[in-house]
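Following: one structure in structure tokens, then a few remarks.
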Amino acid sequence: SKLRYLEACLIGIFGNFKYVFTREIAIAFCACLVGKKVILEVHRDPIGFLPKMLMMQLKKFSNFKLVAISNALSTYMIRTFEFPIERVFTAHDGVFLEDYQDSRLRQKECLREELQIPDHDKLIVHTGSLYKGGAELFGYTVKPKSFGRLLFIHIGGSVIECNDWANFYKAKNIHNVIFRPHTSFEMIKKYQSCADALFYMSVPESPIHWCTSPLKVFEYMASQVPIIASIAGSVGEVLNEDNCFPFELENKLSISVAVEDLFSDEKHAQLISHNAYNEVTKKYLWKTRVENILKFSAVKI
């Protein structure tokens, strides 16, 4: 609300502390004016005249530093607003590894029974919103026939959105793509953990395609389930051929190829998922992220 925003501004200006960490440009600017040391975290490029104007002013403060959630965004901020490189830091989003401990200890069969998932030989799961588009890609994952019955389940979006997409696939006579609406994070973890593969896409239609750092990617990596992914845009800073099975958005058939590659060699799939898990434990835990930002900000841990 506007009152809470005003309250946050007043705290940032008059609060009895040296450092301010915020995602609000206006709060960062006000705190800089009164001499506090400020770290602004940005998740995309500034939109609108006032935010851009304030960003141009912020670079003039020696007590100001910037944290961006991708290298692409850091580069953009340095080039566009001429921030000194030493005052800009990249910190991708992360995950709490402990969130996935309980799910990993349970058998996939038990989780699938709890979630009332139809019996199929291989299960591919996608979790997230539908509003960014790309759901028409799901059908390409179930086209390979050499691994028996493939099932694709999407979790997320409204009931109306899920029904619309279910009808879309029904009209195409594709019956092994299932849509289930948004649910709790606890349930999402169960869906992710009981899958044989996890599907990720980042479509150019999304305005943050080029600079995003999706939480879902790090959740996928923590689940120890092999990932099939589009690595276009800033997601390619995290996912690559060593930790996922990539496909090209421009070539829809490459999705089927990625599925074939994943299921044709179980040992290789296990290696890929292990690489992803190993990377997320070393680079993308929330604790690690906080420590790195504090070091960059010259705050004693």
Side-chain angles (χ1 to χ4, degrees), residues 108 112 117-157 161-162 164-180 191-206 209 212 214 216-217 219-221 223-236 238-277:
K108 288 185 177 182
R112 292 182 187 183
I117 295 175
D119 182 32
H120 279 70
D121 296 323
K122 299 293 182 181
L123 172 63
I124 303 172
V125 169
H126 173 266
T127 57
S129 301
L130 285 166
Y131 68 91
K132 294 177 182 177
E136 68 274 8
L137 301 178
F138 297 165
Y140 290 91
T141 68
V142 295
K143 288 190 174 183
K145 303 296 183 183
S146 56
F147 306 103
R149 301 169 302 161
L150 289 173
L151 178 67
F152 188 102
I153 296 183
H154 162 82
I155 310 297
E161 288 174 318
C162 288
D164 287 344
W165 279 108
N167 291 331
F168 170 85
Y169 279 102
K170 184 178 180 180
K172 290 181 174 291
N173 200 32
I174 297 175
H175 302 287
N176 51 346
V177 178
I178 296 175
F179 291 84
R180 295 183 177 178
Y191 277 104
Q192 292 171 345
S193 298
C194 75
D196 295 302
L198 296 170
F199 187 81
Y200 176 81
M201 61 192 176
S202 179
V203 294
E205 290 79 7
S206 169
H209 167 79
T212 186
K216 176 169 55 183
V217 167
E219 293 171 4
Y220 280 10
M221 296 170 78
S223 71
Q224 299 190 52
V225 176
I227 303 167
I228 302 165
S230 159
I231 58 175
S234 58
V235 174
V238 178
L239 295 178
N240 53 64
E241 293 183 351
D242 292 327
N243 58 23
C244 78
F245 291 84
F247 65 85
E248 301 173 2
L249 286 171
E250 301 80 10
N251 179 11
K252 305 298 190 296
L253 293 179
S254 67
I255 300 175
S256 298
V257 173
V259 175
E260 292 276 359
D261 290 344
L262 190 157
F263 290 132
S264 63
D265 189 336
E266 184 177 348
K267 288 186 178 180
H268 182 60
Q270 289 177 349
L271 174 62
I272 292 295
S273 61
H274 174 76
N275 289 344
Y277 181 75

Any side-chain heavy-atom pair from [X] and [Y] closer than 4.5 angstrom?
X    : Y    : value
E161 : F179 : no
M221 : V238 : yes
K252 : L137 : yes
L151 : P118 : yes
V259 : V257 : no
F138 : I174 : no

Shortest non-hydrogen contact between [X] and [Y], atoms and distance:
X    : Y    : value
D196 : D121 : OD2-O, 3.9 Å
A258 : P246 : CB-O, 3.8 Å
V225 : S273 : C-CB, 4.0 Å
C194 : L123 : O-CD2, 3.8 Å

[X] side chain to [Y] main-chain N or O, any donor-acceptor pair under 3.5 Å?
X    : Y    : result
K108 : S193 : no
Y200 : V217 : no
S230 : L249 : no
N243 : N240 : yes

For this session: Return the set of residues passing salt bridge (charged side-chain N to carboxylate O under 4.0 Å, His left out) with R180 (not counting sequence neighbours), or none when no residue passes.
Result: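 None.
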Roughly how far, to the nearest 0.5 Å, is the [atom2] atom of [Y] from the [atom1] atom of [X]?
X    : Y    : atom1 : atom2 : value
I155 : S129 : CD1   : OG    : 12.5 Å
Q224 : L198 : CD    : CG    : 11.5 Å
I124 : I228 : CD1   : CD1   : 4.5 Å
I272 : L239 : CD1   : CG    : 11.0 Å

For this session: In plain terms, say whether D119 and R112 are close enough for a salt bridge, that is, a side-chain N and a carboxylate O under 4.0 Å apart.
Result: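 Salt bridge between D119 and R112, a charged N being under 4.0 Å from a carboxylate O: no.
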For this session: Please identify each residue that fulfils side-chain hydrogen bond (donor to acceptor under 3.5 Å, both in side chains) with H126, with sequence neighbours left out.
Result: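 Partners of H126 under the side-chain hydrogen bond (donor to acceptor under 3.5 Å, both in side chains) test: H154, K216.
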For this session: Give me the ring orientation class for F168 and W165: parallel if the planes are under 30° apart, tilted from 30 to 60°, perpendicular past 60°.
Result: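 The rings of F168 and W165 stand perpendicular, inter-plane angle above 60°.
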Exercise. Per the ring pair (Phe, Tyr, Trp, His ring centres under 6.0 Å) rule, which among Y140, Y220, F247, F245 passes with F199?
Worked result: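 The passing option is F247.
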Exercise. Can S206 and T212 be said to form a side-chain contact (heavy atoms from CB on, under 4.5 Å), step by step?
Worked result: CA-CA 10 Å; S206 169; T212 186; over 6 Å; no
